[in-house]
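Encoded as structure tokens, the structure appears first; notes follow it.
Just follow the structure's listing: the first ligand is 1, and inside any ligand the first atom is 1.
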Amino acid sequence: MDDLNTTAEKIRTMDIRGAGRIAVAASAALRDYAMSLKSLPLSEFNIKLEEAAKTLVDTRPTAVSLPNAVALTKRHNATNVYDAIDEISKNAEKFITNAGEALEKIGMIGAQRIHDGDVIMTHCNSHAALSIIKTAFDQGKDISVIATESRPRRQGLITIRELNDHGIPTTLIVDSAVRLTMKEVDLVVVGADSISVNGALINKIGTSQLAMAAQEARRNVIVAAETYKFSPRTLLGEMVEIEDRSSDEVIDAEILRELPNVKVKNPAFDVTPAEYIDLIITEVGAFPPSMAFTVIKDYLGLELAV
Ligand SMILES: O=P(O)(O)OC[C@H]1O[C@H](OP(=O)(O)O)[C@H](O)[C@@H]1O
């Protein structure tokens with residue numbers, strides 16, 4: 001399980017990050033691990049597969065892309081290990097190919113909502129959101145981007161590099177400048193870690209502040225999310241867990257040790273209620289958040305809820 005553990009550790013430490021990327025990495029790691037078990041009897045194979053699935057899913061709790069990818073990859077009806085590995089390999093190939101194609105389709109669909117002259121605010125680093133922005137730019141639209149720093153991990157610095165390399169005029173702001181800057185913005189485009197059945201968006205901490213400031217300024221909020229970012233288990237009443245990360249990401253441990261009356265809270269995500277979201281752009285179309293149940297039922301399958 002060495003390679004699988006390495007991938008799990010990279011996801012935990014955020015060496016591999018972004019809800020889509022962790023899903024693709026987990027699917028590939030599970031496939032490779034299953035292939036390494038070909039000499040086992042089926043019953044033992046299935047036990048080891050479940051253990052590996054749990055190791056991957058337990059790395060980060062919020063992005064539902066991870067358990068969805070693992071569930072879609074590991075399922076098989078085989079009666080021997082060779083057929084099981086074959087099914088799992090095909091599942092992984094399908095998931096990984098679809099994930100890549102979904103990003104392109106989201107770009108094409110979402111770009112329709114972007115007009116010449118638009119100033120777009122984005123938060124953190126979302127490959128799906130950037131696909132929309134880059135596609136609109138590639139279509140010749142004269143656009144610019146305002147990107148938040150996204151403390152504490154500062155994924156905004158990845159975003160500005162990516163936009164710079166694509167030739168897109170970009171302004172970096174600190175997170176606390178979101179409301180002040182909103183008057184310069186035409187629309188907000190963000191990614192998703194999870195979308196619950198009531199249409200609420202769970203995304204990088206601070207996303208809800210962008211959404212509130214956008215609503216106050218009457219600006220649209222567009223969410224870019226592959227269908228596998230919708231959470232089937234929220235159908236059963238399960239809440240999406242918000243990941244709390246280490247205080248080391250916020251303040252130096254030595255400084256904190258000198259401050260015995262201070263504690264640090266570092267939630268990595270927040271919840272934006274559906275009423276702040278205008279449209280969710282998926283690879284199968286643009287939906288209002290109120291259609292989250294339909295997306296889960298028709299494109300993920302209710303069996304993923306159990
Ligand atoms: O899948 P894509 O669109 O790339 O990213 C979706 C979301 O995943 C990221 O989480 P983190 O940085 O891994 O905690 C951000 O919250 C981003 O908006």
Exercise. Do any pairs count as a salt bridge (charged side-chain N to carboxylate O under 4.0 Å, His left out) and have a residue in residues 59-72, sequence neighbours left out, and if so which ones?
Worked result: R60-E243
Problem set entry | Atom NZ of K141 with >12 non-hydrogen neighbours under 6.0 angstrom | yes
Exercise. Going by heavy atoms in the side chains, are L30 and L4 under 4.5 Å from each other?
Worked result: yes
For this session: Run the salt-bridge test on E50 and K74 with the 4.0 Å N-O cut-off and return the result as yes or no.
Result: yes
Seminar exercise, completed: Note: M14, heavy atoms under 4.0 Å from ligand 1, region reported as side chain
Problem set entry | Which residues share a ring-ring contact (aromatic ring centres under 6.0 Å, His included) with F269, sequence neighbours left out | none
For this session: Considering heavy atoms of the protein only, find what lies nearest to atom 12 (O) of ligand 1 and give residue, atom and distance to 0.1 Å.
Result: R17 NE, 2.7 Å
Exercise. Quick one: does T62 get a heavy atom under 4.0 Å from ligand 1?
Worked result: no
Exercise. What are the atoms of ligand 1, with element, lying closer than 4.0 Å to any heavy atom of N203?
Worked result: 7 (C), 15 (C), 16 (O), 17 (C), 18 (O)
Seminar exercise, completed: Check: of I158, D193, T207, I106, min heavy-atom distance to atom 16 (O) of ligand 1 comes from D193
For this session: Could you tell me whether K204 and ligand 1 have an N or O pair separated by under 3.5 Å?
Result: yes
Problem set entry | E216 vs M182 side-chain heavy atoms within contact, under 4.5 Å | no
Exercise. If we only count N/O pairs under 3.5 Å, is G18 in contact with ligand 1?
Worked result: yes
For this session: Ignoring angles and geometry beyond distance, decide whether G20 reaches within less than 3.5 Å of ligand 1 through its nitrogen or oxygen atoms.
Result: yes
Exercise. Tell me, which protein residue and heavy-atom name are nearest atom 4 (O) of ligand 1, and how many Å apart are they?
Worked result: H127 ND1, 2.5 Å
For this session: Return the residue, atom name and 0.1 Å-rounded distance of the protein heavy atom closest to atom 3 (O) of ligand 1.
Result: S126 OG, 2.7 Å
Exercise. Under 4.0 angstrom from ligand 1, any heavy atom of H123?
Worked result: no
Exercise. Looking at ligand 1, does any of its N/O atoms fall within less than 3.5 Å of an N/O of R21?
Worked result: no
For this session: For the residue pair Y299 and F287, categorise the inter-ring angle as parallel (less than 30°), tilted (30 to 60°) or perpendicular (more than 60°).
Result: tilted
Exercise. Which one holds for K229 and ligand 1: side chain close, backbone close, both close, or neither close, with close meaning a heavy atom under 4.0 Å?
Worked result: side chain
Problem set entry | pair H115-D186: side-chain heavy atoms closer than 4.5 Å | no
Seminar exercise, completed: Quick look: C124 vs ligand 1, heavy-atom contacts under 4.0 Å, and the answer is side chain
Exercise. Side chains of H76 and D83: closer than 4.5 Å at any heavy-atom pair?
Worked result: no
For this session: Inspect the contact between R161 and D165 and indicate whether a charged nitrogen and a carboxylate oxygen are less than 4.0 angstrom apart.
Result: no
Exercise. N/O to N/O below 3.5 Å, does that happen between F269 and ligand 1?
Worked result: no
Exercise. For atom 6 (C) of ligand 1, what is the nearest protein heavy atom, given as residue, atom name and distance?
Worked result: A192 O, 3.4 Å
Seminar exercise, completed: Among A224, G206, A19, closest by heavy atom to atom 8 (O) of ligand 1 is A19
Exercise. Which one holds for N125 and ligand 1: side chain close, backbone close, both close, or neither close, with close meaning a heavy atom under 4.0 Å?
Worked result: backbone
For this session: Please state which part of R60 comes within less than 4.0 Å of ligand 1, counting heavy atoms only: side chain, backbone, both or neither.
Result: side chain
For this session: Check step by step if side-chain contact (heavy atoms from CB on, under 4.5 Å) holds for K134 and H127.
Result: CA-CA 10 Å; K134 286 180 189 170; H127 301 89; over 6 Å; no
Problem set entry | Residues E9 and R12 bridged, charged N to O under 4.0 Å | yes
